[in-house]
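Basis for what follows: all heavy atoms, side chains included, without hydrogens, waters or symmetry-related copies.
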Amino acid sequence: MEKQKQQPQRLQSLDALRGFDMLFIMGGASLFVALATLFPNPFFQAIAGQMEHVEWNGLAHHDTIFPLFLFIAGISFPFSLEKQRGKGMTEGAIYKKIVRRGITLVFLGLVYNGLLSFEFDHLRCASVLARIGLGWMFAALLFVRFGWKVRAGITVLILVGYWLAMAFVPVPDAGGAGPFTLEGNLVGYIDRLFLPGRLHETVFDPEGLFSTVPAIATAMLGMFTGEWIKLRKEGLTDRNKVLCLVAGAVLLIVGLLWSLVFPINKKLWTSSFVCVVGAYSVWMFALFFYIIDVLGWRKWTLFFTVIGMNSITIYLAQRFIRFSYTSEAIFGGLAKLMPETAQPLVSAIAYIAVCWGFLYFLYRQRIFLKV
């Protein structure tokens with residue numbers, strides 16, 4: 001943790017969107033499920049049904065949270081790189097900083113998974129934070145080294161190459177299972193060969209080694225978006241930047257067509273998944289950017305900004321701090337006074353309030369976890 005005196009030239013839309021995304025990890029999903037309990041109508045039940053991951057192929061809103069976060073990390077990098085170069089940092093120092101951040105996130109992922117218990121035989125080495133760290137790190141290294149045309153070609157090569165490898169490289173112990181099934185996919189085979197420790201699903205890990213490769217493309221899409229936003233220096237108006245909606249439409253069409261031969265699958269992080277969720281990510285950023293940074297409607301963003309500026313903090317804190325104990329101690333009595341169908345909603349709001357209060361204290365003290 002460190003104290004920051006100020007956050008100059010931040011895109012407030014990025015902090016708000018990151019906070020909106022993390023809200024679903026910070027109790028937002030439970031909130032919508034509780035609303036469906038209180039109001040058991042088709043509308044709320046449909047929303048509640050989006051608050052959990054699909055079993056295998058397909059897509060629900062809950063499957064967009066992780067890739068959107070990685071996409072947002074990608075958007076931030078062009079601005080960060082410009083700032084670092086403005087301070088006179090050498091290319092070598094920039095590369096070292098990128099690698100250090102990636103490795104730090106991998107380490108924090110291990111801590112999150114129980115590294116400090118020292119039960120190494122049962123430790124899961126793959127993690128959400130490791131996927132973010134490695135995906136962002138390799139994308140950032142490519143961003144520093146190459147121009148946008150080369151990076152665009154690399155992104156296409158990653159997605160097409162991943163599809164061809166998954167579809168056509170034989171898996172020795174597949175037992176006749178298809179290449180995109182849990183038992184027969186190449187990702188799981190590589191995990192079983194090379195990934196130490198415990199696999200999340202015994203024969204396969206959704207944050208494993210090979211499926212990190214297309215995650216680099218997710219981060220790259222975010223970096224392309226950040227690069228596009230920075231074109232204001234070349235005369236592009238703020239309103240015209242919302243034309244990234246067109247890019248989202250292209251990604252969506254490509255992803256849906258691709259899904260006919262390569263299913264949309266978050267656990268495999270398939271190329272079609274990258275494209276479809278990339279479209280969602282572009283559109284969500286365009287919406288937040290237009291409302292907050294173009295129109296200047298900022299007053300409503302505090303709730304999300306407080307979460308977004310300490311997103312990794314709350315992700316880690318929920319692992320090590322029993323916020324549920326505090327929310328129950330403060331609001332448990334109130335919840336019991338409510339009708340049974342309303343109690344889950346009160347509990348969900350209470351949990352969010354306690355977590356947000358913790359983050360607001362850090363926000364007021366200008367304390368942020370920087371990785």
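Screening Ile292, Asp293, Ile229, Ile75 for a side chain to side chain contact (heavy atoms under 4.5 Å, CB included) with Leu14, the sole residue that qualifies is Ile75.
The structure places CG of Asp205 at 13.0 Å from CD1 of Ile190, a figure rounded to the nearest 0.5 Å. Interatomic distance, Asp15 CG to Ser76 OG, rounded to the nearest 0.5 Å: 8.0 Å. The distance from the CD1 atom of Ile253 to the SG atom of Cys275 is 11.5 Å, given to the nearest 0.5 Å. Between Arg85 atom CZ and Glu91 atom CD the span is 4.5 Å, to the nearest 0.5 Å. Taken from OH in Tyr162 to OG1 in Thr212, the straight-line distance is 8.5 Å, to the nearest 0.5 Å. Thr104 contributes atom OG1, which lies 12.5 Å from atom NZ of Lys370 (distance to the nearest 0.5 angstrom).
Between Phe71 and Thr225, some side-chain heavy-atom pair lies under the 4.5 Å cut-off. The shortest distance between side-chain heavy atoms of Phe69 and Ile312 falls below 4.5 Å.
In this structure, the ring of Phe66 has its center less than 6.0 angstrom from the ring center of Trp269. Ring centroid separation for the pair Phe323 and Phe358 comes in under the 6.0 Å cut-off. In this structure, Trp136 has its ring center under 6.0 Å from that of Phe77. Ring centers of Trp56 and Phe204: under 6.0 Å apart, within the cut-off.
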Show me the donor-acceptor pairs, under 3.5 Å and distance only, between side chains in residues 335-352 and residues at least two apart or in other chains.
residue	atom	partner	partner atom	Å
Gln343	NE2	Met338	O	3.2
Ser347	OG	Gln343	O	3.1
Tyr351	OH	Gln318	OE1	2.8

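Phe107 CZ: 12 or fewer foreign heavy atoms inside a 6.0 Å radius. Crowding of Tyr363 atom OH: a count of heavy atoms from other residues, nucleotides or ligands under 6.0 Å not exceeding 12. Heavy atoms from other residues, nucleotides or ligands lying under 6.0 Å from CZ of Phe320 number more than 12.
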Candidate pair Lys267 and Glu201, rule salt bridge (charged side-chain N to carboxylate O under 4.0 Å, His left out), full reasoning: CA-CA 10 Å; Lys267 292 182 177 181; Glu201 299 191 15; 3.0 Å; yes

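With hydrogens and angles left out, the side-chain atoms of Arg18 and Thr305 include no donor and acceptor closer than 3.5 Å. Using a 3.5 Å distance cut-off with no hydrogens or angles, the side chains of Thr270 and Trp258 do not pair a donor with an acceptor.
Side-chain atoms of Arg131 come within 3.5 Å of backbone N or O of Gly208 as a donor-acceptor pair.
A salt bridge links Glu207 and Arg124; the closest N-O separation between the charged side-chain nitrogens and carboxylate oxygens is under 4.0 Å.
Aromatic ring orientation, Phe20 versus Phe288: tilted (interplanar angle from 30° to 60°).
A cation-pi arrangement is not found for Arg151 relative to Phe146, the charged atom failing to lie both closer than 6.0 Å to the ring centre and inside a 45° cone about the ring normal.
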